[in-house]
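Throughout, protein chains are lettered first and strands after them, A, B, ... in sequence-line order, and every chain is numbered starting at 1.
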Number of protein chains: 4
Amino acid sequence: MHKETYQASIQKAIDAQANWAQIPAPKRGEVIRILGQKLRHKQHDIAEAIMKEAKKIRAEAMGEVQEAIDMCDFAVGLSRQLYGLTMPSERPEHKLREVYHPLGVVGVITAFNFPCAVWAWNHCLSMVCGNAVVWKHSPLTPEVTQLCKQAWDEAVKQSMPNQSFDDLLQIVDGDKAVAEWLADDHRISLLSATGSTAMGRALAPRVASRLGRSLLELGGNNAMVVSKHANLALAIRAIVFGAVGTSGQRCTTLRRLIVHKSVYHDLLTKLKKAYTSLVVGDQFESKTMVGPLIHEDAVLAMHNALQEAQQKGYKIFGGDDCGDCLVRPAIVEVDQPCDLVKRETFAPILYVLTYDEFSEAIQLHNDVPQGLSSCVFTDDVREAELFTSELGSDCGIVNVNIGPSGAEIGGAFGGEKDTGGGRESGSDAWKQYMRRSTITINYGESLPLAQGIQFGD
Amino acid sequence: MHKETYQASIQKAIDAQANWAQIPAPKRGEVIRILGQKLRHKQHDIAEAIMKEAKKIRAEAMGEVQEAIDMCDFAVGLSRQLYGLTMPSERPEHKLREVYHPLGVVGVITAFNFPCAVWAWNHCLSMVCGNAVVWKHSPLTPEVTQLCKQAWDEAVKQSMPNQSFDDLLQIVDGDKAVAEWLADDHRISLLSATGSTAMGRALAPRVASRLGRSLLELGGNNAMVVSKHANLALAIRAIVFGAVGTSGQRCTTLRRLIVHKSVYHDLLTKLKKAYTSLVVGDQFESKTMVGPLIHEDAVLAMHNALQEAQQKGYKIFGGDDCGDCLVRPAIVEVDQPCDLVKRETFAPILYVLTYDEFSEAIQLHNDVPQGLSSCVFTDDVREAELFTSELGSDCGIVNVNIGPSGAEIGGAFGGEKDTGGGRESGSDAWKQYMRRSTITINYGESLPLAQGIQFGD
Amino acid sequence: MHKETYQASIQKAIDAQANWAQIPAPKRGEVIRILGQKLRHKQHDIAEAIMKEAKKIRAEAMGEVQEAIDMCDFAVGLSRQLYGLTMPSERPEHKLREVYHPLGVVGVITAFNFPCAVWAWNHCLSMVCGNAVVWKHSPLTPEVTQLCKQAWDEAVKQSMPNQSFDDLLQIVDGDKAVAEWLADDHRISLLSATGSTAMGRALAPRVASRLGRSLLELGGNNAMVVSKHANLALAIRAIVFGAVGTSGQRCTTLRRLIVHKSVYHDLLTKLKKAYTSLVVGDQFESKTMVGPLIHEDAVLAMHNALQEAQQKGYKIFGGDDCGDCLVRPAIVEVDQPCDLVKRETFAPILYVLTYDEFSEAIQLHNDVPQGLSSCVFTDDVREAELFTSELGSDCGIVNVNIGPSGAEIGGAFGGEKDTGGGRESGSDAWKQYMRRSTITINYGESLPLAQGIQFGD
Amino acid sequence: MHKETYQASIQKAIDAQANWAQIPAPKRGEVIRILGQKLRHKQHDIAEAIMKEAKKIRAEAMGEVQEAIDMCDFAVGLSRQLYGLTMPSERPEHKLREVYHPLGVVGVITAFNFPCAVWAWNHCLSMVCGNAVVWKHSPLTPEVTQLCKQAWDEAVKQSMPNQSFDDLLQIVDGDKAVAEWLADDHRISLLSATGSTAMGRALAPRVASRLGRSLLELGGNNAMVVSKHANLALAIRAIVFGAVGTSGQRCTTLRRLIVHKSVYHDLLTKLKKAYTSLVVGDQFESKTMVGPLIHEDAVLAMHNALQEAQQKGYKIFGGDDCGDCLVRPAIVEVDQPCDLVKRETFAPILYVLTYDEFSEAIQLHNDVPQGLSSCVFTDDVREAELFTSELGSDCGIVNVNIGPSGAEIGGAFGGEKDTGGGRESGSDAWKQYMRRSTITINYGESLPLAQGIQFGD
């Protein structure tokens, strides 16, 4: 993309937003409701494109579009909420309240692995909040992007026929350079970027140096603690989906297993058995559970990590390169944790560690730079509550008897530390997409000062 | 301060915080309640130190300590709130909720002009949220700092006698270098910095490059719109306090006046009369309304700005240098707005502009890089509501018939654009001092996936 | 309806609710989303039935169904919210939170004048909250009821095809006796009743004597204050729609006008002119603005009230009986307020009073037993803010420069005093449809007591 | 008390409230802060009076005053919150929000067993919300009442010296008749009554018939489920405090034990041993754990219940009448639940039942008319989560590994069914003490109607 095209895009977004911000939020919500209908109609088409471009299997591709649909419903509800607070003033004949206003233009950078859902999280909230969106999608997923844009354009056309809101969603094509344009552009009020920690580290200071806002969803290194009190059958189902789903290429993929010594052998045996029966293959085949990695670089990265593991003397199960970017998911038994385990390799490698005391499990769990998702499998109240307490997991997402991936849209999604600290999707994530005014009104005839200050009287 | 002393300080804060986070929040609140009592007892002493070091007059110094006291009361209430949400899961036998946990160590950088209140905003919230505080105060206000620290230490000693929480509040002395240490230190989970926009621009990227959190309260360029429907007598009182209080050295100081042409002459005449009667002098004298500027550099900056104004041909009223850092507040009549007006000069200079249409007033109002505080004086419902709407002021603080300064602690304090985007004090500002866990619990015997995904069943 | 049929209905609702409560709220929300689609498709049909049975004109009938549709969207959003709070415990290793659970069976009594919207308010919230509904509609609106029920049944069938939720909505036919059965029935967890104050006074003690919950929306006696600062043209439009819309048969109909003496003559002159041009006639005629009253009793009640007004010497404008339940709306000039003015006559009679001081206007305004809706027309900030302050209107709905009727669904709807105190529709009205659990969990090994109590240790 | 004295009291409260409502809430909060200080100073004196009049042991009496002190801190925090919502309107140039206003005069009826804390719950919230309080205390606790009133009067005098708020708290002496006056009195906007279910059934319809508000805290019949996964040692501590604390005369006293068969024998044996070591005696003796019952009627009621139990063939342990209103707590082993078990006898009788399946335990648990407090002792996640789910306890208070009594003030306190449905103390209980205004403001020049209705245009 040429810089001039980029500049024109941003300007179009700015112009459209100026009008959009004046449309009452419930009317904006109505456009998003129609978007939900469009996405429902196109669910299969978008899923097909996701299968093709992101190489997901059908169940996951359909699930991803479903998530976008759910976001629409949620955002429609928000359109009559976007609640600020009224509160009493300390001064007589004064009123105090806060109101949330549209922010401006939101830049959205999405990664290849969730080409539709992450857009939807940002788009639905941005739009209901009265913003325009400039979307820099992954270069790998242009078709998904076009289908999403189409759905939005149709929704706008249908519900706002007489008004010119055609430019509210801008697509900007490109790679790192375009991401940097967005980061540096003071007209982008909020930059919401999903991708690697390296990307976050590169973009965040650029946004910060112009005092802009960022919302970062970066790398994860998600673990499951399997306690001696765990329901192992349940745990194994969760581990398999968590570690091999999307071929290990979700930000919430299960990457580390922290297992109580007493159940280690039993668990590993059963897990290997489950891994053995995994169907690896073409993502379009209905029986496939593990499709291809996104590209040969990913296969190489997996290969390198496994090689490093081997050099450290870890036992490796699976991990075979089956050609055509297909790999068999790997289990790596780690006797002595090292830097390799603390790194996020975007591939289906599951590191398995052991522990004796539950406090040790938590310590191991938190001892990585990332802080996205986490889970414990246990039937014990104390362990469950401890893991979800201030002394437990330091992640943004904390699950009990559920794997680390597959969050619902109603909660806030995101994580701490190297994951970047942003929160998307549900709860009050929308507040990041608005600016707050703290408003005080004096309707009396005198001018009392706060804190009871007397000045010159 | 030596780097090793600094390192030791941070380590002490970390160690103390590890214990503090486990103290139930209502017990932490009890310590803050006692802090409030201590501050009440020391209110005069601290106010004296503020008068001496920050050169405020007594009414403002006492008011500043009062603000710290109010914050204590507010934080005590929060100690049983810190509300997260429970919400329904889309899956049977699942529960979804979010909980806020302590964050770790909070770095607090305060400026000379609010040496006590800004600390209190950050300290009270940090402490009730279960964090430790490392406080880099202005080099100009060591005594205020020591008195505040003393009050806290006494409160801790009194309410937690058997436990070692002595290190929860660390003072780090120094200037820019220490600020940069804090910005670069990944052990500082949140850096809350109050100061100039230049400082924010320097520190924010450093924090961002380590994916840390910042809370920035930077420069303001606060304006008042005086409508033809204004109560002029009320407006004049507010202008005088807003523009000359703290000798124009508050972040919320009134710096620009945007006056409807029909009332311009009348307003200016009365305003000049009011300015004439201002008592400029020693801040310890009870009749003084305008004390000294903080140092000769500030006098120079004011001088330079006025000189620039003169060169542009603006009419200047007042602004005399009275020696001993004393100046008479200046009124500058601006016929054609320029860059000078868009700049924050930390001194009592009030630029006066005129307008015809209300929309023009808003346009003029927002046409500065900063976005802290703003106000309109009008008796007209439409103007008042428009100014506080999404089409009105783009500031974080928006007042009607109140000057731009003197916010109450119950609302969120802070601003947009070059002001840095942070929010301190009341409302949900505490959330920035905590990390959120989104928790999902499965208490059934099966493992349904979100978005209805079926995997390998 | 026979008592046995009633009993069977309630039992069916109870049985269906037991299953419904276990369906995750977001899935329940999905049924409501489909209900919204069904209502969109049936909007014209239901509106026709409303025109026939409730005798509304088309614009109002369509608007009423639109309100039901809006409620569906709002409830869908709620289905992932229904927020309780998590909060810190004062005891170590304890957690505190509150969760909202389904309530059971909700009885809904609706009146003839909003045969669809009031049902939708209650039905959408009840259903999303996990309750069943037993609906006693007005005997005058059976067809509207059937169409609404049909829409719901279709939505259930479509979205929950394999499950038996057919009995979630029960229609119970009948009059006062059936209302009393519901009031006395301890299986009805909440009785939401809309109707006259007399009805409320009769039913509320019956519900209370079994310690049940009621939600009452009873009579209104809604007024508009027209200040000397009012935009008269705007006021007149609002008065006409407020006073004659739905032929004066809304609970929020404008019944009293409190006019500043200085604008009284001008306003009355213009208002009479506007009244003269009102088209009274068949509600199916497109040019009709004022359709028939609901029945001859209503015409008689209007006649009696006007006769009483005449006896008191009030000047009466309009009020003619045009046959076929058609009447011309009446304006009654009240020089000395009396009991007649404090009574709600469900017909298009507008009492006009005057005032000198604004405080007097407020006093007159509040001096009726009812407390539903209110408004002021003024361009003055002080009057607007005072009217909406604790010293202003004592009603549940308070409008500025808007008539008293036509609330949006996002706010809570309802009123104080003889209006019954209930709140329906938006904001947190849903809480009345759920029961709250305050949950405390001890995950430690000891048993500290609240308030630090030591017992037997 | 004479009716005229009563009338005068109410009138005084009304007059004081009219002024109080205009005091900014944070200033009202300041008075409550001082009240907290006064209660701290008087804690021992009030506790002594509670020991004398309510016959509590010292630890519980001190704890009760502590609860009042905690409420003060909580209410001070609320004084800058009392949050309503701002929200977007569906119409352009419209704003929508809700604000909470003072209610008027609150009637508070307290029982002998919490003569200070229940007052404090109601008083602190009423006062911070801007109401006056008319307090009808138990005839048994006049001295506690006087000491509380004194504390309040001193707080008012100290903080509002120049204003006449002396009449904000009115004490009305008397019994049932005075309670009925309050129930019937339309000037009492809210009647908050704590006592027996019989009392609630008598008063609630009277309040309802005048369309007033009630807040009822009535009888409980609180149970603990002891699962096979329970920590028995912990359970036994909780049972003992729960069942015999305050000699079984708390509304949250543990009255029923539902024990898994596999641990029944073990638990009973240990429990009886614990009961044997209970020190029954004079409440002023420091070693006493079980003081006297409140009066001979209570002893008789206990005697009658035990006699009925004996006639049913239940095994009884303890229950001896020791004279001077002293009794030994009783354990009654119930093989076949009956009406006796469903009744609340206000004395230390603990009925023990058994179960096989957890669902059976829940069924037994909920099968009483009351719905106040409940708990489960279990280390099993599934049982804990089920018990706190919509399929678990139907009570307002649900505890895990904590006995049924001793709630913290931060949560909402109260229960469902025959317990009356009210909520006091923390969370959003304060909303019951205020009236809500839903405010919509039109600041445009046109008058769009909600739901897009067109009328006469």
task: Quick one: which of B:His94, B:Arg91, B:Glu30, B:His229 has the most heavy-atom pairs under 4.5 Å with chain C, could you say?
output: B:Arg91
- request: Would you mind listing every salt bridge (charged side-chain N to carboxylate O under 4.0 Å, His left out) that reaches into residues 14-26 of chain C, with sequence neighbours excluded?
  value: none
message: Walk me through whether B:Leu82 and C:Met87 qualify under side chain to side chain contact (heavy atoms under 4.5 Å, CB included).
response: CA-CA 6 Å; B:Leu82 301 175; C:Met87 61 194 94; over 6 Å; no
query: Would B:Phe358 and B:His260 satisfy ring-ring contact (aromatic ring centres under 6.0 Å, His included), going step by step from the backbone distance to the final call?
result: CA-CA 8 Å; B:Phe358 197 70; B:His260 191 268; 9.3 Å; no
Side chain to side chain contact (heavy atoms under 4.5 Å, CB included) assessment of C:Val105 paired with C:Val133: CA-CA 6 Å; C:Val105 179; C:Val133 168; over 6 Å; no
message: Report, in residue-number order, which members of residues 376-385 of chain C are under 4.5 Å from chain B by heavy-atom distance.
response: C:Thr378, C:Asp379, C:Asp380, C:Val381, C:Arg382, C:Ala384, C:Glu385
- prompt: How close do B:Met71 and B:Ser425 get, heavy atom to heavy atom, and via which atoms?
  reply: SD-OG, 3.7 Å
task: Could you look at B:Glu90 and say if it's the side chain, the backbone, both or neither that has a heavy atom under 4.5 Å from chain C?
output: both
field: Toward chain C, the part of B:Arg97 with a non-hydrogen atom under 4.5 Å
entry: side chain
Intermediate values then yes/no, side chain to side chain contact (heavy atoms under 4.5 Å, CB included), C:Lys95 and C:Ser89: CA-CA 5 Å; C:Lys95 293 180 183 178; C:Ser89 166; 5.9 Å; no
field: Geometric cation-pi criterion, B:Lys261 with B:Tyr355: 6.0 Å, 45°
entry: no
- prompt: Residues two or more places apart in sequence or in another chain: which of them pass side-chain contact (heavy atoms from CB on, under 4.5 Å) with B:Ser405?
  reply: B:Phe241, B:Arg250, B:Thr252
Sidechain-backbone polar pair: B:Ser427 side chain, B:Ala429 backbone, donor-acceptor under 3.5 Å: no
message: Sub-4.5 Å heavy-atom contacts with chain B: which residues of residues 17-28 of chain C show up?
response: C:Pro24, C:Ala25, C:Pro26, C:Lys27
